[in-house]
J.: 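Okay, handing you the structure first.
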Amino acid sequence: PAPPERAKKAGVEFKVALLERGAGSILNSIGTVNGAVATKLADSAAVLWSQLGRLAPSQLVRLGSVMDIGDDPSRHFLAALEGTSPASQEPWRHNASRLFSETDILEEHVAKMVGLLGNRVERIAKTVYSPTSRVVFVAGLEGTGHHTIGEKFTQHCEQCFVEKPLSEGIYAGSNSAQGISVYPGDTDARGIALRRRQFVERLEPFGTKEGLLVLNTMGKSLGTGQISYPNYAGVNKIFDHPDLADLAALAEFAHVDLRIILLSRPAQDVLVSTTEHRTFGTETQESARLADNAAVLAAQVDLIHPDFLLCVPFDRLDDPEWWAAPANASSSPEKTSRAAWLHPSLHNWAADAPGDDHCPPSSAVDDLTVAHLVASADYLYHQAACPCAAP
């Protein structure tokens with residue numbers, strides 16, 4: 001997004017030409033395919049998708065694939081400028097049978113993000129709902145409040161409980177991650193397929209067990225960290241994050257009512273948390289890691305139906321009036337509070353009457369390093385329809 005702004009000031013028309021290619025074709029061109037290759041390609045596609053989403057539509061030219069260009073690149077490019085070049089890829093659709101297929105897992109991990117790049121995806125639908133048996137996962141950038149909401153679950157939720165094997169199923173291995181999603185350390189898809197089958201077998205009983213199963217943040221002895229974006233401090237830290245699309249798909253397969261909380265917090269405050277309160281890296285390092293993870297998380301949010309999601313601002317975590325306000329999910333009955341959307345037993349989280357969604361004023365950002373993170377985080381919160389999200 002920076003070059004178009006500079007071009008505009010210089011009186012130059014700036015466009016981005018997007019060259020596309022199917023995930024299978026990309027992977028075939030690379031040859032050796034493992035977790036490191038798949039995570040880098042998928043995350044890069046998500047970051048590019050986030051950047052393109054912040055451009056004006058008129059600045060993006062879709063060239064299609066290399067195969068579409070043929071022997072006359074100039075003619076093809078002019079057709080693309082006029083918006084008449086053909087779309088070459090089929091939409092990505094969630095297919096439950098591919099969740100456990102060793103031959104499909106790595107390609108699917110890349111394909112869904114490549115599909116987003118071409119605006120050709122069908123969101124994973126939420127079809128499972130339960131009045132009293134629910135599972136929650138807390139998603140969010142590192143430094144957005146995982147420890148705070150974990151304490152809230154521990155101290156103020158009598159029907160909340162944890163299941164260590166399920167938490168480890170999402171993320172285990174500390175600085176060398178493995179789980180139900182694709183991580184850099186995966187040498188092939190066999191281990192992922194096995195872990196997914198085990199995860200579903202362990203998750204299925206909680207479709208009928210009353211209470212709220214908390215998959216992360218709650219419990220000091222899980223050994224999984226907070227499962228934030230990113231998580232822990234391994235050599236591949238920027239890629240060490242879960243995948244909401246995988247989690248949602250497996251929860252649906254197990255017939256479990258999954259609810260996802262997305263924590264939001266101003267980017268400047270997140271940087272203070274990760275570079276001053278805790279020293280995970282320099283401001284430049286953390287800004288780069290967090291900006292990439294914000295883009296990846298935004299892409300994952302875009303792959304699932306909004307009914308899975310509730311965005312919770314950091315400064316409202318302990319605000320009873322905020323929790324008393326109606327949830328906006330279409331799955332919620334009219335006037336169902338945000339606390340009840342999470343679980344009906346959490347009535348003590350909410351006040352007798354809801355308050356207003358007051359938004360604090362946003363501060364101008366001059367530093368380019370921080371501005372990059374701000375732009376990426378703002379796009380995430382906009383995609384997730386968070387309160388106070390930037391337009």
Side-chain angles (χ1 to χ4, degrees), residues 133-157 159-183 195-196 198-200 202-203 206-207 209 211-234 237 239-252 254 256-265 270 273-274 278 280 289-290 293-294 296-297 300-301 304 308-314 317-318 341-343 346 349 380 384:
S133 304
R134 295 177 184 172
V135 177
V136 62
F137 179 79
V138 180
L141 296 178
E142 195 173 47
T144 52
H146 290 78
H147 293 277
T148 302
I149 197 168
E151 289 297 319
K152 192 173 181 67
F153 282 130
T154 301
Q155 298 176 10
H156 304 291
C157 180
Q159 292 196 33
C160 287
F161 55 93
V162 299
E163 186 71 14
K164 185 176 181 179
L166 286 172
S167 300
E168 291 176 331
I170 299 172
Y171 191 106
S174 183
N175 296 333
S176 181
Q178 64 176 25
I180 57 174
S181 297
V182 180
Y183 289 104
R195 289 190 289 272
R196 287 182 177 181
Q198 292 172 337
F199 185 82
V200 167
R202 290 165 174 158
L203 186 62
F206 296 97
K209 181 176 179 177
L212 182 63
L213 170 60
V214 183
L215 292 173
N216 63 326
T217 73
M218 180 181 171
K220 300 290 187 182
S221 59
L222 293 178
T224 60
Q226 299 298 307
I227 317 186
S228 56
Y229 285 68
N231 198 40
Y232 277 124
K237 178 175 179 176
F239 302 111
D240 286 346
H241 53 73
D243 190 321
L244 297 185
D246 292 338
L247 181 59
L250 291 170
E252 287 288 307
V256 167
D257 184 355
L258 174 69
R259 309 285 167 118
I260 298 172
I261 286 178
L262 174 64
L263 298 173
S264 66
R265 192 178 189 183
V270 173
S273 173
T274 61
R278 294 167 293 171
F280 294 148
R289 291 180 187 132
L290 291 166
N293 273 257
V296 171
L297 185 49
Q300 293 178 7
V301 164
I304 63 176
F308 282 106
L309 201 69
L310 176 69
C311 189
V312 183
F314 175 80
L317 282 171
D318 292 319
W341 176 90
L342 188 53
H343 196 270
L346 299 179
W349 286 26
L380 161 63

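Counting from 1, the numbers follow the sequence of the chain as shown.
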J.: Show the nearest heavy-atom pair for residues Leu203 and Leu250, with the distance to one decimal.
T.: CD2-O, 4.4 Å

J.: Rounded at 0.5 Å granularity, tell me how far NE2 in His156 sits from CD1 in Ile149.
T.: 12.0 Å

J.: Is any side-chain heavy atom of Phe308 closer than 4.5 Å to a side-chain heavy atom of Glu252?
T.: yes

J.: Work out which heavy atom in Gly145 is nearest to a heavy atom in Leu317; give both atom names and the distance.
T.: O-CD1, 4.0 Å

J.: Could you tell me whether the side chain of Arg134 and the main chain of Leu212 form a donor-acceptor pair under 3.5 Å?
T.: no

J.: Could you tell me if the side chain of Ile170 sits less than 4.5 Å from the side chain of Phe137, heavy atoms only?
T.: yes

J.: Determine, step by step, whether Val138 and Met218 satisfy the side chain to side chain contact (heavy atoms under 4.5 Å, CB included) criterion, reporting the C-alpha distance in whole Å, the side-chain angles of both residues, the deciding distance to 0.1 Å, and the verdict.
T.: CA-CA 10 Å; Val138 180; Met218 180 181 171; over 6 Å; no

J.: Can you name the closest pair of heavy atoms from Ala248 and Leu258 and give their distance?
T.: CA-CD2, 3.8 Å

J.: Return the set of residues passing side-chain hydrogen bond (donor to acceptor under 3.5 Å, both in side chains) with Lys237 (not counting sequence neighbours), or none when no residue passes.
T.: Glu142

J.: Do Leu263 and Thr148 have side-chain heavy atoms sitting under 4.5 Å apart?
T.: no

J.: Please identify each residue that fulfils side-chain hydrogen bond (donor to acceptor under 3.5 Å, both in side chains) with Asp257, with sequence neighbours left out.
T.: Lys126, Arg259

J.: Closest heavy-atom contact between Lys209 and Ser133?
T.: O-OG, 3.0 Å

J.: For a quick test of reading the model, state the closest non-hydrogen atom pair linking Cys160 to Phe153 and the distance between them.
T.: SG-CD2, 3.8 Å

J.: What I'd like to find out is whether the side chain of Leu380 reaches to under 4.5 Å of the side chain of Leu262, using heavy atoms alone.
T.: yes

J.: Any side-chain to backbone donor/acceptor pair from Arg265 onto Gly143? Under 3.5 Å, distance only.
T.: yes

J.: Minimum heavy-atom separation for Lys152 and Asp318, please, with both atom names.
T.: NZ-OD1, 3.6 Å

J.: Sequence neighbours left out, what passes salt bridge (charged side-chain N to carboxylate O under 4.0 Å, His left out) with Arg195? Give chain and number order.
T.: Asp186

J.: Which residues pass the side-chain hydrogen bond (donor to acceptor under 3.5 Å, both in side chains) test with Ser273, not counting sequence neighbours?
T.: Arg278

J.: Output all residues satisfying side-chain hydrogen bond (donor to acceptor under 3.5 Å, both in side chains) with Tyr183, sequence neighbours left out; order by chain, then residue number.
T.: none

J.: Ignoring hydrogens and geometry, is there a side-chain-to-backbone donor-acceptor pair from Thr217 to His147 under 3.5 Å?
T.: no

J.: Measure from the side-chain N and O atoms of Ser176 to the backbone N and O of Gly173, and report whether any donor-acceptor pair falls under 3.5 Å.
T.: no

J.: Nearest 0.5 Å please: distance from the CG atom of Asp240 over to the OG atom of Ser181.
T.: 11.5 Å

J.: Show every donor-acceptor pair shorter than 3.5 Å between a side-chain atom in residues 225-234 and any protein atom, with sequence neighbours excluded, or say none if there are none.
T.:
residue, atom, partner, partner atom, Å
Ser228, OG, Pro230, O, 2.6
Tyr229, OH, Pro242, O, 3.3
Tyr229, OH, Gln300, OE1, 2.6
Asn231, OD1, Ile227, N, 3.0
Asn231, OD1, Ser228, N, 3.3
Asn231, ND2, Thr224, O, 2.9
Tyr232, OH, Gly225, N, 3.1

J.: Dump the intermediate steps for side chain to side chain contact (heavy atoms under 4.5 Å, CB included) on Ile304 and Ile260, then the final yes or no.
T.: CA-CA 10 Å; Ile304 63 176; Ile260 298 172; 3.8 Å; yes

J.: The test is side chain to side chain contact (heavy atoms under 4.5 Å, CB included); show your working for Phe161 and Val214 and say whether it passes.
T.: CA-CA 6 Å; Phe161 55 93; Val214 183; over 6 Å; no

J.: Using 0.5 Å steps for rounding, measure from the CD atom of Gln159 to the CG atom of Leu346.
T.: 8.5 Å

J.: Check whether any side-chain heavy atom of His241 sits under 4.5 Å from a side-chain heavy atom of Leu297, and report yes or no.
T.: no

J.: Please assess Val301 against Leu309 for the test side chain to side chain contact (heavy atoms under 4.5 Å, CB included), listing each intermediate value before the final yes or no.
T.: CA-CA 8 Å; Val301 164; Leu309 201 69; 3.8 Å; yes

J.: Contact between Leu290 and Val270 at the side-chain level, heavy atoms closer than 4.5 Å - yes or no?
T.: yes

